[in-house]
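Order of the sequence lines fixes the chain letters, A, B, ..., with proteins taken first and strands second; residue numbering starts at 1 for each chain. Worth knowing before you read on, the calculation uses all heavy atoms, side chains too, and leaves out hydrogens, waters and symmetry mates. All values reported here derive from a predicted model rather than from experimental measurement.
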Number of protein chains: 2
Amino acid sequence: MAQNPNLVRGTLDLLILKSLTWEPLHGYAVSEWIEKVTDGSLLMEEGTLYPALHRLAEKGLVEAEWGLSENNRRAKYYSLTHAGKGYLEREAASWAAYTNAVAKALAVESPIP
Amino acid sequence: MAQNPNLVRGTLDLLILKSLTWEPLHGYAVSEWIEKVTDGSLLMEEGTLYPALHRLAEKGLVEAEWGLSENNRRAKYYSLTHAGKGYLEREAASWAAYTNAVAKALAVESPIP
DNA sequence: CACCTTCCCCTTGTAAGACAAGGGGTAACA
DNA sequence: TGTTACCCCTTGTCTTACAAGGGGAAGGTG
């Protein structure tokens with residue numbers, strides 16, 4: 001399913017990190033979480049998800065560990081690091097502020113206020 | 001001033017088109033409008049703005065015409081086409097829906113609802 | 001006069017990152 | 001045995017924000 005790449009950018013990391021808030025999840029479960037929590041409006045390509053997870057690990061925002069899934073399959077579990085928690089909070093706030101500003105701009109009704 | 005490119009993506013076209021809602025503006029005025037309307041939180045690089053305007057013109061969403069600015073300078077005025085209006089409405093709605101979904105996802109408090 | 005600032009336009013190169021389209025492998029079940 | 005669901009990954013392509021440059025003309029100031 002095709003998303004708008006320009007919309008996904010800037011929220012992808014946030015959503016991934018958020019999905020790991022409570023417990024470690026493997027990649028497949030992360031994508032399921034995102035799909036569920038957005039009522040199916042955001043379907044994550046695997047070619048998008050996995051590189052993103054690797055980037056986040058590279059930055060030290062998540063940690064990976066091989067394990068076994070509920071379905072008895074080899075799976076790589078990602079967990080939020082301390083740095084990842086902080087990053088999530090800051091970036092979520094910044095994202096909210098930005099989208100708020102844009103929403104206001106798009107709602108302007110008088111020319112050149 | 002450095003923005004977060006990942007946030008700008010997906011809102012840039014929207015903001016530009018919105019600025020042209022009432023009357024044709026030249027590029028410089030578009031960037032001023034955006035800066036003003038976002039309380040200075042979004043400063044548009046010229047190397048971002050002008051290519052974006054050209055892309056929008058290429059897609060037939062805006063039309064360009066050379067004119068003279070209030071300050072007596074040569075300036076290229078952009079105006080919204082019919083297609084541009086429609087695009088703005090649709091994409092603004094889609095953007096709002098998407099950011100809403102993300103906002104909800106980021107506000108989730110229970111694990112895996 | 002020379003100089004500076006403001007206004008106004010543009011281009012090139014770089015880097016990031018979403019996506020399409022491939023790949024592989026294992027468990028469970030019909 | 002075949003099929004489906006689960007789970008991981010990579011490569012190449014394309015878009016596009018940004019940095020860093022370019023130029024030129026108007027109006028003011030020293």
Proximal nucleotide (of C/dC9, C/dC19, D/dC8) relative to the A/P5 side chain: C/dC19

Quick one: A/L7 CG to D/dT15 P, roughly how many Å, whole number? 17 Å

Which distance, rounded to the nearest 0.5 Å, do you find between the OH of A/Y87 and the CG of A/L61? 6.5 Å

May I ask you to evaluate whether A/H54 reaches the phosphate of D/dT10, defined as a side-chain N or O under 4.0 Å from OP1 or OP2? yes

Look at B/R55 and D/dT16 and indicate whether a side-chain polar atom (N or O) is within less than 4.0 Å of OP1 or OP2. yes

Mind calculating the distance between CG (A/L43) and C1' (C/dC19) to the nearest angstrom? 13 Å

What I want to check is whether an N or O donor and acceptor connect the side chain of B/E46 with the base of C/dC8 at under 3.5 Å. no

Return the nearest nucleotide to the side chain of A/S69; candidates are C/dC8, C/dA18, D/dC7. D/dC7

Atom-to-atom span, CD of B/E70 to C1' of C/dT6 - whole angstrom: 14 Å

For B/N6 and C/dG17, is the shortest distance between a side-chain N/O and OP1 or OP2 below 4.0 Å? yes

Rounded off to whole Å, could you give me the CG-to-P distance for the B/N72 and C/dT6 pair? 19 Å

Counting just side-chain N and O atoms, does A/N71 come under 4.0 Å of either OP1 or OP2 of D/dC7? yes

Rounded to whole Å, CG of A/L49 lies from C1' of D/dT10 at a distance of 14 Å

Nearest-neighbour nucleotide for the A/R73 side chain, C/dC7, D/dA17, D/dA5 considered: D/dA5

Taking atom NE2 of B/H26 and atom OH of B/Y77, what is their separation to the nearest 0.5 Å? 4.0 Å

Would you tell me if any nitrogen or oxygen in the side chain of B/H26 comes within less than 4.0 Å of OP1 or OP2 on C/dC7? no

With nearest nucleotides of DNA chain C determined for B/Y77 and A/M44 from heavy-atom distances, which residue corresponds to the more 5′ nucleotide? B/Y77

Rounded distance [0.5 Å steps], OH in A/Y78 versus CD1 in A/I16: 9.5 Å

Using whole Å, report how far CD of B/E58 lies from P of D/dT15. 12 Å

DNA chain D nearest-nucleotide lookup for B/T48 and A/R9: closer to the 5′ end is A/R9

What integer distance in Å separates B/E45:CD from D/dG21:C1'? 13 Å

When rounded to the nearest 0.5 angstrom, what is the spacing between CG in B/L42 and CG in B/L7? 9.0 Å

Whole-Å distance, B/I16 CD1 to D/dT16 P, equals 11 Å

CG/B/L20 to CG/B/L25 distance, rounded to the nearest 0.5 angstrom? 5.5 Å

For D/dC8, does OP1 or OP2 lie under 4.0 Å from any side-chain N or O of A/Y50? yes

So, the side chain of A/K18 versus the backbone of B/L106: is there a donor-acceptor pair under 3.5 Å, distance only? yes

By nearest-heavy-atom nucleotide on DNA chain C, the more 5' of B/E32 and B/Y78 is B/E32

